[in-house]
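Just below is one structure, and these are the notes that go with it.
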Amino acid sequence: MYDYMKTIIPRERILFQEPMKQHTTFRVGGEAECFITIQQEEELVKLIPYLNQIEQDYFILGNGSNLLVGDKGYRGIVFKFDGPMEEIRVEGTRITAKAGALLSRVAVTAKENGLTGLEFAAGIPGSIGGGVVMNAGAYDGEMEQVVEAVRVIDREGQITTLDHDTMEFGYRTSIIKNRPYIVLEVVLQLAAGDPEQISAKIEELSELRRSKQPLEYASAGSTFKRPEGHYAGKLIMDAGMRGYRIGGAQVSDKHCGFIINTGKATAADIREVIEEVQERVKERFHVALEPEVVYLGDF
């Protein structure tokens, strides 16, 4: 298998036993058996059908901002976009971004070009590919509001374009969460705006984040999806879980919707806190909290 991959990917972009704590915002996780950086769409066109044919496990990594990798690592291949797969282009009021581009960078590019509509994303730590998959959002903004089209590759290596309606956006979901598609590129339709107002809005939202979120600690952002009719953070606080800790993992004192790595947490610590929070909230309020965090590998 690796001999075949080396005919497509230069050897320097194929790493073995790569520590995943270096690639997640939780800063925890064991080693990936194989870690490959992808710089061209054609590389995936050749690799994906082959890996599916031989039934080899693989995972597409964005910025690792909603990912918890087990302490025992992942026995598969992790792909991460790099270089040309992070490019951003602006044409009029449209922005076309490759899947590896950080959402924050795309938002800044929009600001620099006097384009409004993406201010909400300036503080989201994920990639635009991952952001589209989960319909990322904050402060009344969601990707659904600005996405015009998404180019994807399927299991057979075929590239197709999904328009806005085909994406089936919902709260923290899209068609891609339920289909074996990989995002390659995203087209955003924004609107012309006043650069000073755009900058002011971004700064206003940044200040809100700094004042309300534990940004000084490693975390995956909001740990849980918002349950219908409730706020996860308030439920967790009212269940008496503020500051609850196992090992180095803790429910944030600043915002109970965040589970943080205080410095020496293991992935198992974080998962145990998540599960204990779910159990306590379910027991007290009969509400099932669903994690936004994706589990990968062996714990």
From [X] atom [atom1] to [Y] atom [atom2], the distance as rounded to the nearest 0.5 Å:
X    : Y    : atom1 : atom2 : value
Y181 : I48  : OH    : CD1   : 14.5 Å
R155 : I182 : CZ    : CD1   : 10.0 Å
T93  : N113 : OG1   : CG    : 11.0 Å
S127 : M85  : OG    : CE    : 10.5 Å
E207 : E204 : CD    : CD    : 10.0 Å
E142 : Y171 : CD    : OH    : 8.0 Å

Applying the side-chain contact (heavy atoms from CB on, under 4.5 Å) test to I246, which of I259, V273, I274 qualifies?
->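 Single side-chain contact (heavy atoms from CB on, under 4.5 Å) partner of I246 among I259, V273, I274: V273.
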
Kindly give the heavy-atom pair with the smallest separation between [X] and [Y], and that separation in Å.
X    : Y    : value
G114 : P195 : CA-CG, 4.2 Å
G193 : T116 : CA-CG2, 4.2 Å
K234 : D238 : NZ-OD2, 2.6 Å
K254 : S211 : CE-O, 3.3 Å
A136 : L103 : CB-CD1, 4.4 Å
G117 : V146 : O-CG1, 3.4 Å

Between I54 and M1, does a side-chain contact (heavy atoms from CB on, under 4.5 Å) hold up when you go through it step by step?
-> CA-CA 9 Å; I54 66 171; M1 176 180 70; 3.6 Å; yes

Audit row: R245, V251, side-chain contact (heavy atoms from CB on, under 4.5 Å) steps and yes/no = CA-CA 6 Å; R245 182 169 181 154; V251 175; over 6 Å; no

Would you mind listing every salt bridge (Lys or Arg N to Asp or Glu O under 4.0 Å) that reaches into residues 3-29, with sequence neighbours excluded?
->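 As it turns out, the salt bridge (Lys or Arg N to Asp or Glu O under 4.0 Å) pairs with a partner in residues 3-29, which skip direct neighbours, are R13-E43.
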
Among pairs that include at least one residue of residues 180-190, which meet salt bridge (Lys or Arg N to Asp or Glu O under 4.0 Å), considering only residues two or more places apart or in two chains?
->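 Sorted pair list: R89-E185, K98-E185, R151-E185.
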
Going by heavy atoms in the side chains, are H230 and F285 under 4.5 Å from each other?
->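 A side-chain contact is absent here, since even the closest heavy-atom pair is not under 4.5 Å.
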
Check the side chains of Y58 and N52 for a donor-acceptor pair under 3.5 angstrom, ignoring hydrogens and angles.
->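 Y58 and N52 do have a side-chain donor-acceptor pair below 3.5 Å.
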
Donor on one side chain, acceptor on other, R271 and T266, under 3.5 Å =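 Side chains of R271 and T266: no pair found under 3.5 Å.
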
Kindly say whether the aromatic ring centers of F59 and F79 come within a distance under 6.0 Å.
->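 No; F79 has its ring centre 6.0 Å or more from that of F59.
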
Check whether the ring centres of F169 and H164 lie less than 6.0 Å apart, and answer yes or no.
->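 Yes, the ring centres sit under 6.0 Å apart.
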
Taking the six-membered ring of Y244, is the NZ or CZ of R280 close enough (under 6.0 Å from the centre) and on axis enough (within 45°)?
->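 Judged by the rule (NZ or CZ under 6.0 Å from the ring centre, within 45° of its axis), R280 counts as positioned above Y244.
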
Take atom NZ in K46; do more than 12 heavy atoms of anything else shown fall under 6.0 Å from it?
->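 Open.
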
In terms of hydrophobic clustering (I, L, V, M, F, W, Y; side-chain heavy atoms under 4.5 Å; direct or indirect links), are Y217 and I236 co-clustered?
->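 In one cluster: no.
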
Identify each donor-acceptor pair in which a side-chain atom of residues 287-299 lies under 3.5 Å from a protein atom, sequence neighbours left out, and give them as a table.
{"unit_1": "E290", "atom_1": "OE2", "unit_2": "K225", "atom_2": "NZ", "d": "3.0"}
{"unit_1": "D298", "atom_1": "OD2", "unit_2": "R75", "atom_2": "NE", "d": "3.1"}
{"unit_1": "D298", "atom_1": "OD2", "unit_2": "R75", "atom_2": "NH2", "d": "2.9"}

Please determine if E196 and K201 form a salt bridge, counting it only when a charged side-chain N lies under 4.0 Å from a carboxylate O.
->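 Result for this pair is no, no salt bridge flagged.
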
Ring geometry between F16 and Y2 (parallel below 30°, tilted from 30 to 60°, perpendicular above 60°) =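 If you compare the ring of Y2 with that of F16, the planes turn out perpendicular.
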
